[in-house]
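What follows is a single structure, written as structure tokens, with notes after it.
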Amino acid sequence: RWYSSAQTATHPRSRVVAPRPVRLPPTPSPLSRSRETALTASLTPSSSRGKATTTNNNNNNKEKGRTPPAAPSTMAPTHSIAFCNNRGGVGKTFMAFQTACETARARPDKKVLVLDFSLYSDITALLLGGSAREGFGSPMKGLQVTVENTTEDTRAEGLIRDLEHAMDTDEHAAAAEKKGGSIFGAFFAKKKDLSTATVDLQNYLIRPADHNAAIPGNLYLVPSAGSVSWTDTQAEESGHQPLWTRKGDEWWPAAQRLRAAVASLPAEFEAVMVDTDHLAACVLTKMALATCDSVVVPLSFDDGDFNRLFQDVTGNSLFTDVMIPMRAKSQLRARVAKCVFTKVSSNKNEETETQGGIHSPFRPSNTVMAQMDAMAQQVWSACMHDDRYRVLFKDVDSIAPGADGNVVQAFRSRYFTAMKMAADLAANISKMNGLPICSMTSQTYVAPSGLEGQSGKAVLDGLKAEIQKLVNAFTSDEYNLPLSAS
């Protein structure tokens, strides 16, 4: 292990073993051009977003004095958050599901976009009907809904391919213009603005509320469908691997396209949330980290899992093997906004603060709070030992010592919090039925598996309040609509 638990009582710079040297990804090879003519039609914007359109034919215009309507304005979302860890089972997708739904519920006048960049597509399953299966070997209900209502061209895998091919289109067009010609003939000969190949994320959206009434109607999803998305539909031409499976930095230009696509969303999309895979070194996770402004890192109390954030023999540590090399290449946009201890047992439904300064929307046991402080102290120790870790944290240079002069406590207070372990019944009903806690009531629910039960009003009220506090911590206090009745 990288750190010992005894270290937490010592000076932050003492007894720290240096991490193994970071292995930077190999130099990228030239991008495959196997589908260089694919996007002349599919990537042409369906509307001139952000620009007013007028009719210049004055002879036929009978209402010359009337001002034509403007197209929807565009603005980069205020909040863009990637949920990342390099281990499965820490509650990442459950947290993303609950907070995305609460974010949408709490601001019904704004839209929330969820991108499913996980190979397992669990958040798609939850949003589109739940994780329940009709029988052994059957698909999850939500993924079956996905397959029946989308195609490989309108899901996340189609988005990834189009981001790659839009990039190819622009590179070829630029080369053709430099030579005075165009490989696409009249399509590019008529227009020199290469932004015409920009991918519009709205072409890949599904509205979960149309298939699952429990989801707020202002939440939208770029879905994926598990192996159907990331295996079965990836039969590219011989010698051309799907972008998400490649090594090196071939993903980077496509990630820049994704940044532009997110920034070009209509202004009503105020929040974008991306669920990623437990394979932190996966191209899909890197694209999320290159696109979003913030990272939320779910944490378990397992010491081995915690240490693998910094050192992993498979080259999959989120901080050392992924974020630090990306930052060194100026690819990393996201910075750590919160580390959230998940599945934390609660003694009381009241906000509290640990002795180390960590705010929690509920009160864990004293032993658990001490453990939270100790693990947060280890992160601080890593930051003091190696500045490459420190600069991964969002606005870290603005941290000032508290009233007692303790900068360590200020660090813990800003970057750490907790999420309660939901009661088994509430958690299972929520996942199996695709029912976010923010929409649950104390009625009796029956899951497709036959699981039946109800959660008490006090339990649900506590969970709803705590999830809203998490949303506020991830975004802002503007997400404050009164909680729904339980």
Side-chain angles (χ1 to χ4, degrees), residues 1-25 80-87 280-281 285-286 288-299 303 305-312 315-341 354 356-359 371-418 473-474:
R1 284 198 303 260
W2 193 31
Y3 298 106
S4 65
S5 58
Q7 177 191 336
T8 58
T10 64
H11 189 277
R13 294 183 184 273
S14 64
R15 300 184 64 185
V16 180
V17 179
R20 58 193 173 93
V22 176
R23 299 190 304 275
L24 295 178
S80 55
I81 304 166
F83 293 82
C84 300
N85 198 305
N86 45 245
R87 179 192 179 277
T285 300
K286 290 179 179 179
L289 292 169
T291 300
C292 296
D293 291 323
S294 301
V295 185
V296 169
V297 183
L299 297 175
D303 197 46
D305 294 338
F306 175 78
N307 282 296
R308 279 192 284 272
L309 286 169
F310 300 92
Q311 191 173 40
D312 182 67
N316 191 50
S317 67
L318 177 62
F319 292 162
T320 304
D321 295 320
V322 180
M323 294 182 72
I324 286 177
M326 286 180 64
R327 183 180 179 276
K329 297 180 180 182
S330 300
Q331 297 168 340
L332 182 69
R333 168 172 285 185
R335 297 294 188 271
V336 178
K338 284 292 179 183
C339 296
V340 184
F341 294 101
T354 68
I358 298 175
H359 178 267
Q371 191 173 5
M372 290 163 57
D373 285 341
M375 294 178 74
Q377 172 70 39
Q378 293 183 45
V379 177
W380 171 257
S381 298
C383 292
M384 292 298 96
H385 171 73
D386 190 333
D387 196 61
R388 296 178 305 165
Y389 294 111
R390 186 185 69 85
V391 295
L392 295 181
F393 287 80
K394 192 170 187 178
D395 300 325
V396 69
D397 289 330
S398 68
I399 292 182
D404 58 356
N406 190 338
V407 70
V408 185
Q409 185 148 337
F411 178 85
R412 286 186 294 222
S413 177
R414 174 176 294 189
Y415 295 112
F416 291 85
T417 187
F474 298 166

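Atom set for the values below is all heavy atoms of this structure, side chains included, hydrogens, waters and symmetry mates excluded.
- When all heavy atoms of Val295 and Cys84 are compared, the pair lying nearest together is CG1-CB, 4.0 Å.
- Listed for the Asn307 side chain is a donor-acceptor partner under 3.5 Å among the backbone atoms of Asp303.
- For the ring-ring contact (aromatic ring centres under 6.0 Å, His included) criterion with Trp380, the lone passing option out of Phe411, Tyr415, Tyr389, Phe393 is Phe411.
- Judged as a salt bridge (charged side-chain N to carboxylate O under 4.0 Å, His left out), and not counting sequence neighbours, the contacts of Arg87 are Asp305.
- In this view, Ser330 satisfies the side chain to side chain contact (heavy atoms under 4.5 Å, CB included) rule with no residue, not counting sequence neighbours.
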Residue pair Cys292, Ile81: steps toward the side chain to side chain contact (heavy atoms under 4.5 Å, CB included) verdict: CA-CA 6 Å; Cys292 296; Ile81 304 166; 5.8 Å; no
Could you walk me through whether Arg414 and Ser398 pass the side chain to side chain contact (heavy atoms under 4.5 Å, CB included) test, one step at a time? CA-CA 11 Å; Arg414 174 176 294 189; Ser398 68; 2.8 Å; yes
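- Residues that satisfy the side chain to side chain contact (heavy atoms under 4.5 Å, CB included) test with Thr354, not counting sequence neighbours, are Ile358, Met369, Met372, Asp373.
- Put simply, the side chain of Phe474 does not reach to within 4.5 Å of the side chain of Ser294, judged on heavy atoms.
- At least one side-chain heavy atom of Lys394 sits under 4.5 Å from a side-chain heavy atom of Asp293.
- Taking all atoms of both residues into account, the shortest heavy-atom contact from Val296 to Pro298 is O-CD, 3.5 Å.
- No donor-acceptor pair closer than 3.5 Å links the side chain of Asn85 to the backbone N or O of Val297.
- Legend: residues meeting salt bridge (charged side-chain N to carboxylate O under 4.0 Å, His left out) with Arg412, ordered by chain and number and at least two apart, are absent.
- Every side chain to side chain contact (heavy atoms under 4.5 Å, CB included) that Thr291 has, sequence neighbours left out, goes to Leu258, Arg259, Val262.
- By the side chain to side chain contact (heavy atoms under 4.5 Å, CB included) test, Ala281 is found to be paired with Asn316, Val322, residues two or more places apart in sequence or in another chain being considered.
- Judged by distance alone, with hydrogens and angles left aside, the side-chain atoms of Thr417 form no donor-acceptor pair with the main-chain N or O of Val340 at under 3.5 Å.
- Here Thr285 pairs with nothing under the side-chain hydrogen bond (donor to acceptor under 3.5 Å, both in side chains) rule; sequence neighbours left out.
- Distance check, rounded to the nearest 0.5 Å: CD of Gln311 to OG of Ser317 gives 8.0 Å.
- Side-chain atoms of Asn406 and Pro401, non-hydrogen and from C-beta on, never get closer than 4.5 Å to each other.
- Listed by chain and number, the residues in a salt bridge (charged side-chain N to carboxylate O under 4.0 Å, His left out) with Asp397 are Arg390 (sequence neighbours excluded).
- For the side-chain contact (heavy atoms from CB on, under 4.5 Å) test with Met323, the passing option among Leu309, Leu289, Val391 is Leu289; the others fail.
- Between the CZ atom of Arg333 and the CZ atom of Arg335 there is a distance of 10.0 Å, given to the nearest 0.5 Å.
- Note that CG of Asp386 and CD1 of Ile324 are 6.0 Å apart. Values are rounded to the nearest 0.5 Å.
- Distance CZ/Arg327 to CG/Leu332: 8.0 Å, rounded to 0.5 Å.
- Residues passing the ring pair (Phe, Tyr, Trp, His ring centres under 6.0 Å) test with Phe319, sequence neighbours excluded: Phe310.
- Checked against side-chain hydrogen bond (donor to acceptor under 3.5 Å, both in side chains), Ser413 has no partners two or more places apart in sequence or in another chain.
- In this structure, Gln378 and Phe306 approach most closely via the heavy-atom pair OE1-CE2, 3.6 Å.
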